[in-house]
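We number each residue from 1, following the sequence as shown. Heavy atoms only: backbone and side chains are in, while hydrogens, waters and symmetry mates are out.
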Amino acid sequence: MGGDGLVPGSARLHLIDGLPLLRPDEQVFEAMIKGWRNQQLARNLSPGYVDDQERMVRAFTRHADAMPWQWTPQHVDEWSADLRAVHGCVRSTLRNYQGSVRQFCDFLTNPAYGWSDECLRHFGTHPVQVVYDWNAATHADEAEGEPERRAFTRPELEAFFDHADEEVLRVRGKGRKGWLPAFRDATLFKVAYAYGLRRNETRMLDLTDFGRNPEGREFG
């Protein structure tokens, strides 16, 4: 909160009180976007994430051909149908896009930021929430990816790790020298899964990346 008592993203921080606007629609919308960016950055969200959020809101605005204080749930329905039927967006992508618009509407309709009052003063109407549970994609499945790209289920992961461990025992039981690489691979699979590493991150691991854990002295 600033010295004037206004929170980041407040309308009064981005529109000068009493100053007439030459292009009210455009200027108020851009001030809203700037205020939302500042509010998100003040919450320590990454600039990349904030950029993506803004990009989605601008895309929705272009498709609706209407400003936020004119948005309705029908605009969301039409945009969502276009994303699925024309652009082929998968469910998880659609849900993320809708989530950006939902968060923007939450910001605009929050009395703490004063955007509703500002819109009433300039346009005689105000923004409302247009993304609800009944018109938004839901997160119904644990794995929403396409079948050929889906993540392993927990039973499949357990079977995979068990097989990797059994390979170590099998190779060593035959007195062959390959049990150490097999043990390395089994350990690497578990480390990558436990820490959520990407392939390149896993490939670049070095001994210096590992340190002592004071809470796990039994591991040395």
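- Side-chain contact between D25 and R23 is absent, with no heavy atoms from C-beta onward closer than 4.5 Å.
- Although no hydrogens or angles enter the test, the distance criterion places no donor-acceptor pair under 3.5 Å between the side chain of W71 and the main chain of P127.
- When hydrophobic clusters are built by joining Ile, Leu, Val, Met, Phe, Trp and Tyr residues whose side-chain heavy atoms come closer than 4.5 Å, directly or via intermediates, V171 is not grouped with L188.
- Contact record, W115 with G9: NE1-O, 2.9 Å, taken as the closest heavy-atom pair.
- The shortest non-hydrogen separation linking R37 to E54 is NH1-OE1, 2.8 Å.
- Between Y113 and F107, the shortest heavy-atom contact is CD1-O, 3.4 Å.
- When all heavy atoms of S100 and W36 are compared, the pair lying nearest together is O-CH2, 3.7 Å.
- In this structure, CD1 in I33 is found 4.0 Å from CZ in F29, a value given to the nearest 0.5 Å.
- Nearest heavy-atom pair across K190 and D165 is NZ-OD1, 2.7 Å.
- The CE atom of M32 sits 3.0 Å away from the SG atom of C119 when rounded to the nearest 0.5 Å.
- Cluster membership for L41 and L45, using ILVMFWY side-chain heavy atoms within less than 4.5 angstrom, is shared.
- Applying the 6.0 Å contact sphere to CZ of F183 captures no more than 12 heavy atoms from other residues, nucleotides or ligands.
- Side-chain atoms of R84 and R91, non-hydrogen and from C-beta on, do get closer than 4.5 Å to each other.
- Across every non-hydrogen atom of L157 and Y193, the tightest pair is CD1-CE1, 3.4 Å.
- Side-chain N or O atoms of E167 include none that pairs as donor or acceptor with a backbone N or O of A182 at under 3.5 Å.
- Residues F104 and F60 place their aromatic rings such that the two centres sit no closer than 6.0 Å.
- The backbone N or O of Y132 sits less than 3.5 Å from a side-chain atom of N135, completing a donor-acceptor pair.
- For R43, the CZ atom sits in a packed shell: over 12 heavy atoms of surrounding residues, nucleotides or ligands are nearer than 6.0 Å.
- To the nearest 0.5 angstrom, C89 atom SG is 10.0 Å from N96 atom CG.
- Contact of the L94 side chain with the S80 side chain is registered, since non-hydrogen atoms from C-beta on lie closer than 4.5 Å.
- When the side chains of ILVMFWY residues are joined at heavy-atom separations under 4.5 Å, either directly or via intervening members, M56 and Y49 end up in two distinct hydrophobic clusters.
- A distance of 9.5 Å separates CG in D82 from CD in E78, rounded to the nearest 0.5 Å.
- With rounding to the nearest 0.5 Å, the separation of OG1 in T61 from CE in M67 is 7.5 Å.
- Contact of the H122 side chain with the V28 side chain is registered, since non-hydrogen atoms from C-beta on lie closer than 4.5 Å.
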| task | Kindly determine whether E30 and R58 satisfy salt bridge (Lys or Arg N to Asp or Glu O under 4.0 Å), including the steps that lead there. | result | CA-CA 10 Å; E30 290 301 326; R58 289 187 181 277; 2.8 Å; yes
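- T202 contributes atom OG1, which lies 4.5 Å from atom CG of L197 (distance to the nearest 0.5 angstrom).
- In the hydrophobic cluster analysis, where Ile, Leu, Val, Met, Phe, Trp and Tyr join through side-chain heavy atoms closer than 4.5 angstrom, W69 is grouped apart from L120.
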